[in-house]
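Have a look at the structure below before the remarks.
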Amino acid sequence: MLYSRYFIPTVKETPSDAEVISHQLMLRAGMIRKLASGIYNYLPLGLRSIRKFENIVREEMDKAGAIEMLMPTVQPAELWQESGRWAFYGKELLRFKDRKEAEFCLGPTHEEVITDMVRREIKSYRQMPINFYQIQGKFRDEIRPRFGLMRGREFIMKDAYSFDVDSAAADFSYEKMYNAYMRIFDRCGLNFRAVEADTGSIGGSFSHEFMVLADSGEDAIVSCDSCRYAANVEKAESPLFTASSDTISEPLQKVSTPEMKTIVDVAAFLDVESAKTIKTLVYASDTGELVMALLRGDHELNELKLKNHLGWGEILMATEEQIFSCTGSPIGFLGPIGLKMDIPVIADQVVQGMMHVVLGANEKDQHFINASVGRDFEVTRFVDIRTVTAGDACPRCESGKLEMWRGIEVGHVFKLGTKYSKALNATYLDPNGKEQIIFMGCYGIGIGRTVAAAIEQNHDENGIIFPIPIAPFHCSVVAVNTKDSGVMAAAEEIYLKLESVGIEVLFDDRDERPGVKFKDNDLIGIPLRIVVGSKGLAEGKVELNIRSSGEVLSVVVDDVVTMVKQLVDAALVHNM
RNA sequence: CGGUGAGUAGCGCAGCCUGGUAGCGCACCUGCCUUGGGAGCAGGGGGUCGCUGGUUCGAUUCCAGUCUCACCGACCA
């Protein structure tokens with residue numbers, strides 16, 4: 001490819017609305033341009049990287065036995081009504097009507113469409129297992145699109161759906177996809193973790209997220225330093241608690257704590273550790289149900305865990321009025337003793353066995369000391385509702401401690417079970433001629449998001465440092481002085497030779513000063529760069545720059561093509 | 001949807017408080033010059049100052065409304 005004939009509109013200045021580094025660099029490198037909030041044009045260079053990654057995904061999907069197809073973006077409302085998600089999905093589902101007033105939506109995901117196809121076409125146990133995938137544009141009307149391709153409203157996704165005769169077979173399909181995902185992200189050279197995750201609005205019985213580690217990641221994850229346990233913090237379990245053996249001796253006592261509204265204030269004021277206090281929170285469901293949650297003072301609530309325990313559709317911090325109605329107290333002095341209303345009291349498992357602790361007295365400026373569970377107040381249920389922190393003991397092994405990371409979710413695999421097949425009545429006949437429900441799994445990879453995540457993980461002050469497997473070009477050839485015919489001829493020869501051995505090369509033949517070319521080449525992240533200048537040529541040499549290491553090699557002209565070919569082939573090898 | 005901030009040339013910004021010919025850097029066009037890390041000189045083009053209304057002789061500037069965008073929370077590949 002001739003740079004002068006191609007289209008790479010780089011910019012020097014960072015656009016003011018780009019916050020994270022990958023967004024800034026993709027904009028500056030001329031890979032993407034914004035059309036509307038969360039909606040982007042993929043410019044030629046950006047598309048090349050996207051396609052590179054798609055092909056890796058495609059190869060691994062095919063290898064894992066999945067079959068490619070393509071479903072439409074526009075989907076009829078009826079299917080969504082049938083699965084129940086038309087009402088459930090909310091505003092993220094972009095809905096509209098056609099000229100006949102029939103309702104449609106833009107597909108945010110394709111469980112309904114694929115299940116509809118399968119229910120019509122798969123009739124026998126002999127046709128399974130089967131797994132369909134597509135690489136296609138999705139639309140989700142996100143509340144807050146941000147970070148460029150990281151969270152767009154329209155985005156490219158690989159989604160796969162597996163269909164099996166029973167739960168055990170579905171587990172096997174799940175594992176195949178899990179392994180394919182491991183290979184995919186490995187091949188891109190990404191530093192990532194597969195973590196246990198909540199199933200969210202897709203539903204189903206269990207799931208793993210694939211997280212690229214990056215400080216700018218929107219998710220917090222933990223992993224054990226000695227076993228393989230890793231989970232999204234939303235999901236991460238606290239280790240089982242063993243009850244303390246303190247005996248109850250001191251009587252409950254009310255004390256004045258003027259203006260001490262936070263645990264930190266109260267603990268300091270009464271001179272106790274915050275671990276010897278109980279934090280009381282009140283939550284409300286969207287239908288107005290209330291619940292009280294108790295945690296050890298130095299712990300944080302995991303709202304998702306509480307929500308899942310309660311089986312609520314939504315969980316909200318209770319309003320001051322709601323809190324007053326059930327406790328009779330202003331915020332800051334809440335506790336489980338002397339409630340005005342009979343509401344469930346859910347306590348974290350660690351609260352079990354907490355003796356002689358400090359907690360709110362449901363009265364302005366008053367707390368209790370020496371409060372003890374069981375003697376002074378009752379708890380409806382003890383469950384794990386706290387957020388784990390770095391250094392916690394691992395819930396799965398004896399000796400491990402949890403480490404905490406930030407991650408970008410680039411892939412997610414779900415075991416769906418029969419959620420959609422039941423709703424849409426997707427059944428098959430087993431060997432006995434008996435009708436059975438199909439078991440499903442679904443598996444997604446954010447294509448643009450992965451490319452963005454790769455940039456997030458691979459860049460320096462000069463720009464992107466693409467891993468070779470997803471770089472838009474493997475190599476560039478920079479002619480230092482385009483007016484020098486000897487330089488141009490030598491550069492062109494190298495360029496053509498590289499192309500002939502299958503290297504994707506960008507020939508920077510622009511009539512620009514060398515500095516401009518070097519800056520642009522660095523910015524757009526070309527992994528290898530050959531610089532052809534008159535000084536080097538006089539000795540029969542050119543320069544080979546390796547973007548990732550910063551190495552600069554002086555290479556004999558005749559050897560450079562072979563060297564580049566070797567470097568590229570080595571990076572593309574995947575012996576799995 | 002709630003909280004914060006911003007809309008002035010393709011990009012990054014100043015001007016507005018105190019109303020009176022709309023500016024700077026980069027980019028772009030022409031010429032000269034230059035060629036190993038975003039050169040230099042000279043000349044040039046490009047704006048209904050987000051939109052609507054009000055106040056005023058006169059509004060980018062003051063007032064009201066409205067739209068859009070970005071950032072912080074819930075959603076998610």
Side-chain angles (χ1 to χ4, degrees), chain A residues 9-20 23-24 27-28 30 33-34 36-39 53 57 89-93 108-110 135-160 181 197-202 207 209-212 218-219 232 234 286 303-304 307 314-317 407-414 442-453 462-463 478-484 487-488 510-523 529 531-537 542-543 545 552:
Chain A
T10 57
V11 287
K12 274 194 243 179
E13 268 159 315
T14 303
S16 60
D17 56 358
E19 191 72 6
V20 299
H23 187 199
Q24 293 173 359
L27 250 11
R28 289 226 289 135
R33 287 290 184 264
K34 187 171 73 177
S37 177
I39 301 178
F53 182 55
V57 171
Y89 215 94
K91 287 198 175 173
E92 237 176 76
L93 186 63
T109 174
H110 284 65
I135 295 176
Q136 185 250 14
K138 299 276 183 279
F139 193 94
R140 292 182 190 171
D141 201 357
E142 294 275 350
I143 300 164
R144 190 152 82 80
R146 58 182 149 174
F147 302 159
L149 295 195
M150 210 78 98
R151 181 184 297 286
R153 290 196 292 171
E154 184 179 302
F155 58 98
I156 302 170
M157 177 167 157
K158 187 285 303 181
D159 44 329
Y181 276 36
D198 188 67
T199 51
S201 69
I202 303 284
S207 80
E209 288 169 338
F210 290 78
M211 295 283 191
V212 170
E218 295 183 86
D219 290 276
N232 193 307
E234 289 181 343
D286 45 348
E303 288 188 11
L304 193 72
K307 182 182 131 177
E314 213 170 325
I315 190 160
L316 307 157
M317 295 280 299
I408 299 164
E409 184 190 352
V410 290
H412 203 158
V413 292
F414 296 86
C442 75
Y443 318 93
I445 291 179
I447 301 289
R449 186 124 119 192
T450 305
V451 173
N462 292 317
V478 174
V480 171
N481 185 347
T482 48
K483 296 279 190 319
D484 183 325
V487 166
M488 279 304 275
R510 294 175 298 167
D511 184 19
E512 289 285 356
R513 297 166 59 85
V516 174
K517 297 186 180 186
F518 295 148
K519 288 287 184 194
D520 276 338
N521 276 268
D522 284 348
L523 177 60
R529 184 179 75 209
V531 180
V532 183
S534 50
K535 284 177 224 157
L537 273 187
V542 292
E543 195 178 283
N545 291 251
V552 181

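All values below were derived from every heavy atom in this structure, side-chain atoms included, with hydrogens, water molecules and symmetry-related copies excluded. All chains are named by letter (A, B, ...) in the order of the sequence lines, taking the proteins before the strands, and each is independently numbered beginning at 1.
In terms of the salt bridge (charged side-chain N to carboxylate O under 4.0 Å, His left out) criterion, residue partners of A/Lys138 (sequence neighbours excluded) are, by chain and number, A/Asp159. By the ring-ring contact (aromatic ring centres under 6.0 Å, His included) test, A/Phe210 is found to be paired with A/Tyr178, A/Tyr181, A/Phe185, residues two or more places apart in sequence or in another chain being considered. Listed by chain and number, the residues in a side chain to side chain donor-acceptor pair (under 3.5 Å) with A/Asp484 amount to none (sequence neighbours excluded). Partners of A/Glu218 by side chain to side chain donor-acceptor pair (under 3.5 Å), not counting sequence neighbours, listed by chain and number: A/Arg146, A/Arg151.
In this structure a side-chain-to-backbone donor-acceptor pair under 3.5 Å is present from A/Lys517 to A/Ala479.
In this structure, of B/rA74, B/rA70, B/rA77, it is B/rA74 that holds the atom nearest to the side chain of A/Arg144.
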Original post:
What does nucleotides 28-39 of chain B look like as a protein-contact string, B for base, S for sugar-phosphate only, - for none, at under 4.0 angstrom between heavy atoms?
Top reply: ------BBBBBB

Show the distances under 3.5 angstrom between N or O atoms of the protein and N or O atoms of nucleotides 22-25 of chain B.
unit_1	atom_1	unit_2	atom_2	d
B/rG25	N2	A/Glu13	OE1	2.9

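A/Thr450 comes within 4.0 angstrom of no nucleic acid atom, judged by non-hydrogen atoms across all strands. Residue contacts shown for A/Asn232 are absent, as no nucleic acid heavy atom lies under 4.0 Å away. Nucleic acid contact class of A/Gly152 (heavy atoms, under 4.0 Å, all strands): base.
Judged by Watson-Crick or G-U wobble contacts below 3.5 Å, the nucleotide B/rC24 has B/rG12 as its partner.
Phosphate contact (OP1/OP2 of B/rA74, side-chain N/O of A/Lys307, threshold under 4.0 Å): absent.
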